[in-house]
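Step one of this worksheet: look at the structure below.
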Amino acid sequence: MSDKQPLLEIEDLHVRFPLRRNLLGRPTVEVHAVSGVDLTLYKGETLGLVGESGCGKTTLGRTIVGAQKATSGSLRYDGRDLTALSRREQGASRRRIRMVFQDPFSSLNPRMNLRQIIGDPLVATGEARGAELEDRIAEMMRRVGLSPDYMDRYPHSFSGGQRQRVNIARALIVGPELVVADEPVSALDVSVRAQILNLLRELQAEFGLTYLFISHDLSVVENLADRVAVMYFGRVVELAETGALYEHPRHPYTEALMSAVPIPDPSLKGRQGRILLPDELPDPSDPPPGCAFARRCAYAEDRCRTGEIPLADGARCVRSGELDLEGIVEAESSRP
Ligand SMILES: Nc1ncnc2c1ncn2[C@@H]1O[C@H](COP(=O)(O)OP(=O)(O)OP(=O)(O)O)[C@@H](O)[C@H]1O
Ligand code: SF4
Ligand SMILES: [Mg+2]
């Protein structure tokens, strides 16, 4: 991608949640959910964001769409700092950046019918009403594969896949440019996952969307993303083009994640089996010095435990240049 243009530039973003406060209301103990993320999303790309539960993926996504306040750092969208916008400007940027949530069951209001759910963002902004509103809802429903005849029905009468289509319609009806999809297929049956992923792909092509696609499932991301950011303990520890990342991970944490991906043909499995990580996550209210992965890393040395480790050459690891890490190995003969 030589002509790529940045759409969103995230710089040194921190998000902390106060756990306890002193008498003056200042936080004394905080959860560091996002700890210094630098990431650029380019127009039209799909950037996958992976990492295990609690690493800060949703918090990062919510901060991008404006549902969560950043503690510090900047989010430049199309050249403007989102954290410094007026209320009115924030409203406009909310329409350009939308989120699709993981759970199509809890994220839809059971007391609203599809007309209300899908049309709500247009009603809220006063952008359309009457016959125009009706037409836009019907058109959006068709685009996501739902019959407009269902407009007066309520969420309970739909399957998980259909509800996720409703969620997608609601996100796209205001014509966003960037969509943060937070585990959009994780709660769905395997049989409907592919349909929803295909729909997301089609809509991306049709509307020229940029996606931040969050998932803990590496096989889903591999099929969809142009680049992948691997997040650990509030930080991006590896960032690479998808093919390169899956063949040659440069961070031991990525290698461990890859080793857990089921591969149907055992002859394609690499030198080692699944890497079982010790269950020793650092305390998110008291981050350790040096590499946050050190306690679980099979390659850790003393030098890993001191100082700040920058993201260099796509990986936040002092040993990345000397390690020969294993990806999801594909035999030459099996390649098309
Ligand atoms: N509102 C909140 N108040 C306090 N702590 C929070 C809040 N939201 C998230 N956290 C904490 O921030 C950290 C990151 O959580 P987050 O939900 O962003 O992770 P995640 O990567 O999306 O996890 P999952 O894969 O389980 O969805 C966790 O330690 C979580 O407990
Ligand atoms: S810096 Fe050290 S502990 Fe951290 S991932 Fe690299 S080798 Fe492992
Ligand atoms: Mg999450």
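All values below come from the heavy atoms of this structure, side chains included, with hydrogens, waters and symmetry mates left out. Counting starts at 1 for both ligands and their atoms, in listed order.
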### Ion pair check, Arg142 and Glu139, cut-off under 4.0 Å
yes

### Query
CD/Gln116 to CD1/Ile137 distance, rounded to the nearest 0.5 angstrom?
9.0 Å

#### Entry: salt bridge (charged side-chain N to carboxylate O under 4.0 Å, His left out) against Arg170, all qualifying residues, sequence neighbours excluded
Asp120

### Message
Below the 2.8 Å mark, what number of protein N, O or S atoms do you get around atom 6 (Fe) of ligand 2?
### Response
1

### Message
Please tell me whether Ser74 and Asp81 have a donor and an acceptor in their side chains that are separated by less than 3.5 angstrom.
### Response
no

### Task
Heavy-atom cut-off of under 4.0 Å around ligand 1: list whichever protein residues fall inside it, by chain and number.
Phe17, Val31, Ala33, Glu52, Ser53, Gly54, Cys55, Gly56, Lys57, Thr58, Thr59

### Task
Nearest 0.5 Å please: distance from the CG atom of Leu8 over to the CD atom of Glu11.
10.5 Å

## Note on the structure
Residues pairing under ring pair (Phe, Tyr, Trp, His ring centres under 6.0 Å) where one sits in residues 226-245, two or more places apart or in two chains, turn out to be Tyr232-Tyr253, Tyr232-Phe293

### Query
Are Glu308 and Arg235 ion-paired here, with the side-chain N under 4.0 Å from a carboxylate O?
yes

### Query
Roughly how far apart are Glu9 CD and Leu39 CG, rounded to 0.5 Å?
11.0 Å

### Query
Going by distance alone, is a donor N or O of one side chain under 3.5 Å from an acceptor N or O of the other, for Asp313 and Ser320?
no

